[in-house]
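If you're wondering where the values come from, they're calculated on a predicted model, not measured in any experiment. Per chain, numbering begins at 1; letters A, B, ... match sequence-line order.
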Amino acid sequence: MPELPEVETMVRGLRGVLPGRRLRRLEVRDPSLLQGCTATSLMRRMRGGTVADVGRRGKWVVIELEGDVGLIVIQPRMTGGFWLIEPDRPEHIRLSFHLEKPDATIWYCDARRLGKVSWYQDAAVAETAFGRSHGPDALRIDRDDLAGRLARTSRGIKPTLMDQKVLAGIGNIYADETLHRAGLHPERPSSSLSADEITRLHRAIGEVLARAIELEGSSFDAGYRTVLGLEGGFLAQNSVYGREHQPCPSCARPIRKTRIAGLIGRPTYYCPTCQVIPPSTSRSR
DNA sequence: CGGTTACCCTGGATGC
DNA sequence: TGCATCCAGGGTAACC
């Protein structure tokens, strides 16, 4: 579920609590999430460690420990999330961070278990691993870098925006919102965008993500919540995602829901009036 | 190599 | 109520 704004919200929540705290014990309740390390080795390493910092790389949550303890990287994927409080006691707990002074527990939960947890020796090793599968962070990429990356591919602009190797952090919701804000059809070949369109798109990415972070991300159903168990407010103010048949905020014509090439089984929402493919760049369908 | 699809998992919503 | 079906915010291996 979580895309950049949801992960950023998790990280901000954790950052208020974890840095400086000593970890009495890390409990791995579901070893199948671990990548490249065993539950025993991870628990042994973490025991007694002190958290130095919590950060975000794309959609990764990075928890760095002091000394040579290394760092834990958590990829929440679709349904992963953290809980700082006990509403009842969350379901689907996969990791428990048992803190001390005062005693407290932070849970990492993941209903669908698609998320991943890994351990890295140090920040440089983690950075290298990240770089192998990711481009620049969507909040930091500059306009010309984005332009160069789009020029290199003819696939639809939406699958390209969601490709973490191109830029890191955008998923299905924010791709749709960004493209609507920029007035671009999701199937426009990436390399067909004009300089002006790229500038618009770059600006829309920054604006949409910043707004979503302010509103603490997007919640629906029983999915994503902030670390305090609260719903994010973005989907109450967004333009297209999840709004099939509802009026476009710009032109009031109905939003359309569809499926597009390159994105298997995932919905795409757009405004057929505000987001059109110019005749010169249309592809046969 | 670029682009696309199958598949990983499971809970919740919807429909009959 | 019970059961079947569909749906989902991500990512990667494998395929054409």
Side-chain angles (χ1 to χ4, degrees), chain A residues 1-10 29-36 56-61 73-82 90-94 108-118 129-135 138 149-179 186-192 208-209 212-213 215-226 231-236 238 240-244 257-269 283-285:
Chain A
M1 80 194 35
E3 306 180 33
L4 188 153
E6 290 74 31
V7 176
E8 179 64 26
T9 303
M10 290 177 194
R29 300 176 62 134
D30 184 352
S32 72
L33 304 192
L34 299 182
Q35 254 187 345
R56 178 186 64 75
R57 307 290 292 151
K59 300 175 194 174
W60 290 12
V61 175
V73 167
I74 298 168
Q75 295 177 250
R77 300 264 178 108
M78 296 279 264
T79 47
F82 292 87
E91 293 183 278
H92 316 300
I93 301 172
R94 310 300 173 192
Y108 171 70
C109 307
D110 184 358
R112 281 170 71 181
R113 302 196 303 153
L114 293 168
K116 296 291 170 199
V117 175
S118 16
F130 184 84
R132 266 198 293 273
S133 49
H134 294 77
R149 289 162 179 272
L150 298 186
R152 242 173 278 153
T153 177
S154 63
R155 22 183 340 215
I157 183 66
K158 181 176 179 187
T160 303
L161 283 181
M162 290 175 66
D163 185 341
Q164 304 302 296
K165 274 194 149 145
V166 175
L167 73 173
I170 296 178
N172 203 39
I173 293 179
Y174 297 106
D176 281 356
E177 293 299 321
T178 293
L179 290 171
E187 291 176 292
R188 274 287 295 283
S190 305
S191 51
S192 77
V208 166
L209 294 179
I213 290 170
L215 295 169
E216 301 193 303
S218 300
S219 299
F220 58 81
D221 302 335
Y224 161 82
R225 293 292 181 276
T226 72
E231 293 193 7
F234 183 77
L235 286 189
N238 71 327
V240 288
Y241 190 87
R243 297 193 182 279
E244 186 183 20
K257 178 183 184 179
T258 185
R259 315 260 167 190
I260 67 170
L263 291 176
I264 16 71
R266 329 211 29 190
T268 288
Y269 298 87
R283 293 183 292 184
S284 57
R285 296 230 290 146

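Atoms NZ (K116(A)) and P (dC8(B)) sit 12 Å apart, rounded to a whole Å. If you take CG of D163(A) and P of dG3(B), they are 10 Å apart, rounded to a whole angstrom. Between the C1' atom of dA8(C) and the CD atom of E6(A) lies a distance of 14 Å, rounded to the nearest Å. To the nearest angstrom, C1' of dG3(B) lies 15 Å from CD1 of I157(A). If you take CG of D110(A) and C1' of dC8(B), they are 12 Å apart, rounded to a whole angstrom. The distance from atom NZ of K158(A) to atom C1' of dG3(B) is 17 Å, rounded to the nearest whole Å. M78(A) has its CE atom 13 Å from the P atom of dC7(C), to the nearest Å. Nucleotide dG2(B) holds its P atom 13 Å from the CZ atom of R149(A), rounded to whole Å.
Side-chain N/O atoms of K257(A) include one lying less than 4.0 angstrom from OP1 or OP2 on dA8(C).
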Are any protein N/O atoms closer than 3.5 Å to N/O atoms in nucleotides 11-16 of chain C? If there are, list each pair with its distance.
| from | atom 1 | to | atom 2 | distance (Å) |
| --- | --- | --- | --- | --- |
| dG11(C) | OP2 | K59(A) | NZ | 2.9 |

Check nucleotides 9-14 of chain B for protein N or O atoms closer than 3.5 Å to its own N or O atoms and list the pairs.
| from | atom 1 | to | atom 2 | distance (Å) |
| --- | --- | --- | --- | --- |
| dC9(B) | O3' | R113(A) | NH2 | 3.2 |
| dC9(B) | O2 | R112(A) | NE | 2.7 |
| dC9(B) | N3 | R112(A) | NH2 | 3.2 |
| dT10(B) | OP1 | R113(A) | NE | 3.4 |
| dT10(B) | OP1 | R113(A) | NH2 | 2.5 |

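Base pairing in DNA chain C gives the following stems of 3 or more Watson-Crick or G-U pairs, range against range and under 3.5 Å: B:2-8 with C:10-16, B:10-16 with C:2-8.
The residue Y174(A) sits apart from the nucleic acid: no heavy atom pair falls under 4.0 Å. G265(A) comes within 4.0 angstrom of sugar-phosphate atoms only, judged by non-hydrogen atoms across all strands, and of no base. Across all strands, S219(A) comes closer than 4.0 Å to base atoms (heavy-atom distances). Using a 4.0 Å heavy-atom distance criterion, P159(A) is classed as making no nucleic acid contact.
Applying the side-chain contact (heavy atoms from CB on, under 4.5 Å) rule to R152(A) yields the partners R149(A); only residues at least two apart in sequence or on another chain are considered. Judged as a ring pair (Phe, Tyr, Trp, His ring centres under 6.0 Å), and not counting sequence neighbours, the contacts of H134(A) are W60(A), F130(A). In this structure, the salt bridge (Lys or Arg N to Asp or Glu O under 4.0 Å) partners of R57(A), at least two apart in sequence or on a different chain, are E127(A).
Distance alone, capped at 3.5 Å, is enough to place a donor-acceptor pair between the T79(A) side chain and the R112(A) backbone. In this structure a side-chain-to-backbone donor-acceptor pair under 3.5 Å is missing from E231(A) to R225(A).
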Would E6(A) and Y174(A) count as a side chain to side chain donor-acceptor pair (under 3.5 Å) here? Give the steps.
CA-CA 11 Å; E6(A) 290 74 31; Y174(A) 297 106; 2.6 Å; yes

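Separating the CZ atom in R155(A) from the CD1 atom in I260(A) is a distance of 10.5 Å, to the nearest 0.5 Å. Taking CE from M78(A) and CG from D110(A), the interatomic distance works out to 10.5 Å, rounded to the nearest 0.5 Å. For the atom pair S32(A) OG and K116(A) NZ, the distance stands at 7.0 Å (nearest 0.5 Å).
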